[in-house]
Number of protein chains: 2
Amino acid sequence: MAKAEDSGAYKGSGKLRPEEMIYQEMLDAILDRRLEPGMKLVEEDLAKTFGVSRARIRATFLQLAHDKLINLVPNRGAFIAEPTINEAIEVFSARRMIEDGVARKVATSMTPERADQIRSHLAREHAAHHDGDHRAAIILSGEFHLLLARLTGNLVIEEFLERLILRSSLIIAMYESPQPVDCSHSEHDRLLDALLGGDPDVAAAEMSRHLDAIRDRLQLQRPKPGKTDFASIFGRTPRSEAS
Amino acid sequence: MAKAEDSGAYKGSGKLRPEEMIYQEMLDAILDRRLEPGMKLVEEDLAKTFGVSRARIRATFLQLAHDKLINLVPNRGAFIAEPTINEAIEVFSARRMIEDGVARKVATSMTPERADQIRSHLAREHAAHHDGDHRAAIILSGEFHLLLARLTGNLVIEEFLERLILRSSLIIAMYESPQPVDCSHSEHDRLLDALLGGDPDVAAAEMSRHLDAIRDRLQLQRPKPGKTDFASIFGRTPRSEAS
DNA sequence: GACAATAATATTGTTAACAATTTTGCGTGC
DNA sequence: GCACGCAAAATTGTTAACAATATTATTGTC
C-alpha cells in the first residue's frame, strides 16, 4: 500500500532498493491519475525515465498486472487498467463478503489498545480531510480498512484485502464524482462505534452499509486518454538522451 | 488450477504457448510432490530441462512466488514453499470466511441446471476415488470448491479462491496423513444436500464444518529434502548437454 | 480523394554474454 | 580435530544486442 506521507520522501536516498521504488512510484502515479486509465506504458521510455534496464520494468509490469492495475497484452505492451463499472461492482461485492467477516472478528476481539490504534488512525484521516489533502484522504481511507484486516491476525486475509483496496483506490480515482463528497471519514467514525459495541451482527451490517455507500458514490464516466510524457509525470529527466 | 485429466496430455502439442505450459508442469510437479518443499530450484537447470531461456524461468518464478508456492530469496534463488502449520491454519480460516459467503449465495440462487453441474462434478470425484487416483481426487476436490465460487458470478472471489485452493493443495500434499482417509467426496455430497436445501445458514454451517474437517485431518510432519534431479522429475532429458 | 498494398519505424520478445554474489572446497593454523 | 580464511566454482542479477511482431507512414492504383 502506498504510504500517505510526503509522496516522494524516498526519492532522495538512492540506496532503498530500486525495484520496490519503481513499483511504488508507478503505484502512486496511477492512484494520483498522473497515469490515466488506458494509457500505453512503453518499456524503454520508462526504463530511461527511471534509469534502469527494460528487464526490471518488465518484472515490475508483472507485479502490477498481477494486482490488476495494468493490462499486459502479448506483443502489444502494457496499459493502465480500465476497470469497468461491472468490475467495480464485483470488487466491492467481494470486499463486502470479506470485510463483513473482518468486522465481526474485530468487534468480538476488541481491546483498549486496539481501540486506540483505530482512533489514532481516524485522527490522521480527519487531519488529511481538514487540510484538503484529497489524495492522502483516499489512501488513509484504504489504510483504515487494512488496519481492521490486520487486527484479525490473519495474514492471508490481510494481503488479499490489501490488493483489493489498491484496486478500489484505482476504481475510486477513476469513477469518483467531480465534486467528491468525501464522507468516508465520518462513516469510519460510525464504524468504530459499531466495533466498540461488540455486537458482530451490528458491526457487519455497518461495514456492509459503508462499502455499499462507497460503491453508490461512484459515477460512470470514461476518462479521456492523455499524452504519455513520463518525464513530466514523474518529475524527472531521462538519464541518457539517445540519438 | 491444474487439470485433472491425463497429467501431461498437453506435452505433445508443442504449439500450446510454452509459458503457461511450464507454469502448469511446475504446478503439477509441486502438487504431485515430485518437487518437495524446501527444494532449491536452479534457474539454469530448469531452463535446460524445458529447453527455454533463463528469463522465462525467471518470469515463471514470479508467478509461482505470487501464488506463495515458491519462495524467492534475493541472490539465493527460488525454493519450493514450506507452509507452516500456522500458515495452513490461516489459509483454511481465510477460506472459511470466504466460502461461507459462497455457500450462502449458491444456496439462495440454486437452479436445476446448476444442481446438475454440481452433481456431474461429484460423479467425477467419486470415479477418481473409486479408481484410487489419489492425485486426481485432490485436484477434483479443489475444483469442486472452485465450481461453487464460479456459481456466485463474482470473478474476483473466484480468482482469489483459485489461488487459495492451489495453496491448500500444497498444504494438503505436505501435511496429509500417510494413510489418507479421504472422506472429502462424501462431505461434498452432504454439502450438496445443504445447498439444495436453500437455507443459507445451513449451507454456510456445512461449509464451515467441511473446511474445519479438512484442516483437522492435517498432520504435522516435516518432509525431508530430496535430491534435485529435474530430468527425472519431469520425465525428460536436457536439450543440450553443456561441457 | 479514398483505399489497399508495401516499406519504414517503433516496440516487444528473446537470447547470450558479462558482472556481482553466494556457496563450496581446500588448505592452513591453532 | 576444528575453526578460520582464502580461492574456485556455481548461481543469480544485469546489461546489451538481436529477432519477431505490431504500428505507422508512404506509395500506387482505382
Side-chain angles (χ1 to χ4, degrees), chain A residues 14-23 25-26 35 38-66 69-81 225-231 233-234 238-243, chain B residues 14-23 25-26 35 38-66 69-81 225-231 233-234 238-243:
Chain A
K15 279 302 175 195
L16 248 45
R17 38 188 126 168
E19 358 179 278
E20 296 184 11
M21 192 265 279
I22 294 172
Y23 177 85
E25 280 208 46
M26 292 195 61
L35 289 175
M39 196 179 265
K40 172 84 182 288
L41 300 174
V42 179
E43 294 179 0
E44 197 170 349
D45 290 357
L46 281 168
K48 271 198 273 189
T49 300
F50 287 111
V52 299
S53 70
R54 270 179 57 212
R56 195 179 288 277
I57 297 293
R58 236 143 192 288
T60 304
F61 279 177
L62 283 179
Q63 299 292 326
L64 290 167
H66 174 263
L69 297 177
I70 68 174
N71 292 327
L72 242 38
V73 185
N75 287 325
R76 295 275 320 281
F79 304 83
I80 302 291
K227 59 223 66 174
T228 308
D229 178 9
F230 294 129
I233 283 175
F234 291 106
R239 293 276 178 92
S240 65
E241 297 287 346
S243 63
Chain B
K15 278 303 175 195
L16 247 43
R17 38 186 128 167
E19 359 179 278
E20 295 184 12
M21 192 266 278
I22 294 173
Y23 177 86
E25 279 208 48
M26 291 195 62
L35 290 175
M39 195 179 267
K40 172 84 183 289
L41 300 173
V42 178
E43 294 180 0
E44 197 170 350
D45 290 357
L46 281 168
K48 271 197 273 190
T49 300
F50 288 112
V52 299
S53 70
R54 269 179 58 212
R56 196 179 288 276
I57 298 293
R58 235 144 194 284
T60 304
F61 278 178
L62 283 180
Q63 299 292 327
L64 290 167
H66 175 263
L69 297 176
I70 68 173
N71 292 328
L72 241 39
V73 186
N75 287 325
R76 296 274 319 281
F79 304 83
I80 302 292
K227 58 224 67 171
T228 309
D229 178 10
F230 292 129
I233 283 175
F234 291 106
R239 296 272 178 95
S240 65
E241 297 286 349
S243 63

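We name chains A, B, ... by the order of the sequence lines, and we start the count at 1 in each one. The structure displayed is predicted, hence computed values, not measured ones.
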Quantified as the angle between the terminal helix axes (five pairs each), what is the overall bend of the helix from C:dG1-D:dC30 to C:dC30-D:dG1 to 10 degrees?
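Between the first-five-pair axis and the last-five-pair axis there is 0°.
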
Close side-chain approach of A:Ile70 to A:Met26, heavy-atom, < 4.5 Å
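Sidechains of A:Met26 and A:Ile70: no contact.
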
Sorted by chain and residue number, the side chain to side chain contact (heavy atoms under 4.5 Å, CB included) partners of B:Ala55 (sequence neighbours excluded) come out as B:Ser53

Heavy-atom closest pair (A:Leu72 atom, A:Ala65 atom, distance to 0.1 Å) is CD2-CB, 3.9 Å

For B:Arg54 and B:Ala47 the tightest heavy-atom approach is N-CB, 4.0 Å

Between CZ of B:Arg56 and P of C:dT12 the distance, given in whole Å, is 17 Å

**Integer-rounded Å distance: C:dT12 C1' and A:Leu62 CG** =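 Result: 13 Å.
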
Output a table of nitrogen or oxygen pairs between the protein and nucleotides 8-12 of chain D separated by less than 3.5 Å.
from: D:dT12; atom 1: OP1; to: B:Leu41; atom 2: O; distance (Å): 3.4
from: D:dT12; atom 1: OP2; to: B:Glu43; atom 2: N; distance (Å): 3.2

Which pairs of donor and acceptor atoms, one on a side chain in residues 57-64 of chain A, lie under 3.5 Å apart (sequence neighbours left out)?
from: A:Arg58; atom 1: NE; to: A:Glu43; atom 2: OE1; distance (Å): 3.4
from: A:Arg58; atom 1: NE; to: A:Glu43; atom 2: OE2; distance (Å): 3.1
from: A:Thr60; atom 1: OG1; to: A:Arg56; atom 2: O; distance (Å): 3.0

